[in-house]
Amino acid sequence: MTEYRATICVCSDFDALSMWMDFGAMGARALSRGEFGPRVGAPRLLDVLDRFDAPSTWFIPGHTAETFPEITKRVADAGHEIANHGYHHESFDALSIDEGRHVIKVSNDALERITGQRPVGFRHPTGDLAQELLEVFVEEGFSYDSSLAADDFFPYWARGAWTHQHLGPSTPGPLLDLVEIPHSFVLNDFHHFEFTYDGPKLTGRDGPAPVEAIWRAEWEYLLANAPGGIFNLVLHPESIGRGLRIAMLERFLRDAAAEPGVRFATLATVAEEFRAAHPEGPA
Ligand SMILES: [Zn+2]
């Protein structure tokens, strides 16, 4: 897809308070874990990215942007991409399509007002999403989505809803004018360090070494087997920002970026390049 051997896309899902509030965790301890993101984690992550001169993509709930406008603006002013992550870290499958569309608009408006950037990308915050919502992403002007997982290292055209039948095969929907940049929990800090669907797991006492080993193994596989691939690393400031973990991240990025032919890029850049390489569009 590109002349690069590999592209590292560092993403920061900047959930702050909103994720805990969406879980119904409204106590002082839970909210303080969220507050660690804008207060400590995000500045540390920005510093690491600055040392690598690495552009990155920040998926920011509208609630984070409006509650912590200064650090949100600092992210944008440092040249990073601002993208949509719902307003309140909603699970969109609990909303109607029209309610989902409204949340997307309100969040886009808040992000644009505070950062000056109108998002062109979306990542679903939590839970699942209706297949029909992907068509709303197109209508709302998004160039790409990064919520799905049908590939690992390469973008593809997202498609409309599958049609199913009783005791028969399923038929995929038509391709949409929406680039899907897949992501995986394998490369998601939060799902290693903080949470899995079978319940919260506090693994901080284990240290970051197992996660570093997983990321390095995936990176080595990409380099050996997926030339031109995208390494979509999904970070959360409140999780990766802890001292022992941010040090692990910097160590990993230093070694990864030292490989010849490797670059950092935003997801918006990856989507643009995918579109340029497929001028026929999603037909
Ligand atoms: Zn999130």
Side-chain angles (χ1 to χ4, degrees), residues 9-26 30-42 44-46 49 56-68 71-72 75-76 80-95 100 103-104 106-108 110-111 114-115 117 119-130 133 137 142 144-149 180-197 199-202 211 232-242 245-246 249 266-268:
C9 292
V10 177
C11 297
S12 174
D13 292 7
F14 195 9
D15 300 334
L17 307 186
S18 67
M19 183 197 60
W20 301 102
M21 295 169 74
D22 190 64
F23 284 166
M26 300 292 288
L31 295 184
S32 73
R33 289 177 70 182
E35 189 182 351
F36 183 88
R39 185 186 181 98
V40 180
R44 281 185 185 159
L45 182 54
L46 284 171
L49 293 167
S56 68
T57 300
W58 289 61
F59 289 92
I60 306 182
H63 180 270
T64 298
E66 294 200 312
T67 306
F68 303 101
I71 184 69
T72 298
V75 169
H80 301 289
E81 180 197 352
I82 305 297
N84 191 308
H85 199 43
Y87 188 86
H88 230 292
H89 214 262
E90 301 86 353
S91 179
F92 278 69
D93 56 0
L95 306 176
V103 167
I104 288 167
V106 169
S107 195
N108 269 348
L111 291 169
I114 289 166
T115 70
Q117 289 186 41
V120 298
F122 181 88
R123 174 170 293 140
H124 191 250
T126 190
D128 212 335
L129 68 164
L133 203 61
F137 298 166
F142 290 131
Y144 73 87
D145 170 72
S146 182
S147 308
L148 308 181
E180 180 61 40
I181 306 174
H183 94 301
S184 161
F185 290 163
V186 169
L187 297 182
N188 186 318
D189 63 342
F190 205 81
H191 289 264
H192 292 299
F193 290 127
E194 313 277 351
F195 176 84
T196 64
Y197 279 113
K201 265 182 194 155
L202 295 174
V211 181
N232 191 3
L233 187 60
V234 180
L235 307 174
H236 295 73
E238 67 270 35
S239 184
I240 200 69
R242 299 276 164 188
R245 298 177 188 157
I246 199 82
L249 173 71
T266 65
L267 295 190

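Residue numbers start at 1 and run along the sequence shown. Hydrogens, waters and symmetry mates are skipped; everything else that's a heavy atom, side chains included, is used. One-based numbering, in listed order, for ligands and for the atoms of each.
Heavy-atom minimum distance, E66 versus A110: OE2-CB, 3.7 Å. Here the closest non-hydrogen pair linking T72 and F14 is OG1-CE2, 4.3 Å.
Among the atoms of H85, an N, O or S atom is found under 2.8 Å from the Zn ion (ligand 1). Checking D13 against the Zn ion (ligand 1), every N/O/S atom stays at or beyond the 2.8 Å cut-off.
Taking the Zn ion (ligand 1) as the corner point, the angle from H89 atom NE2 to D15 atom OD2 is about 90° (rounded to 10 degrees).
With no hydrogens or angles considered, no side-chain donor-acceptor pair links T126 and D22 at under 3.5 Å. Residues N232 and H183 bring no donor and acceptor atom of their side chains to less than 3.5 Å of each other.
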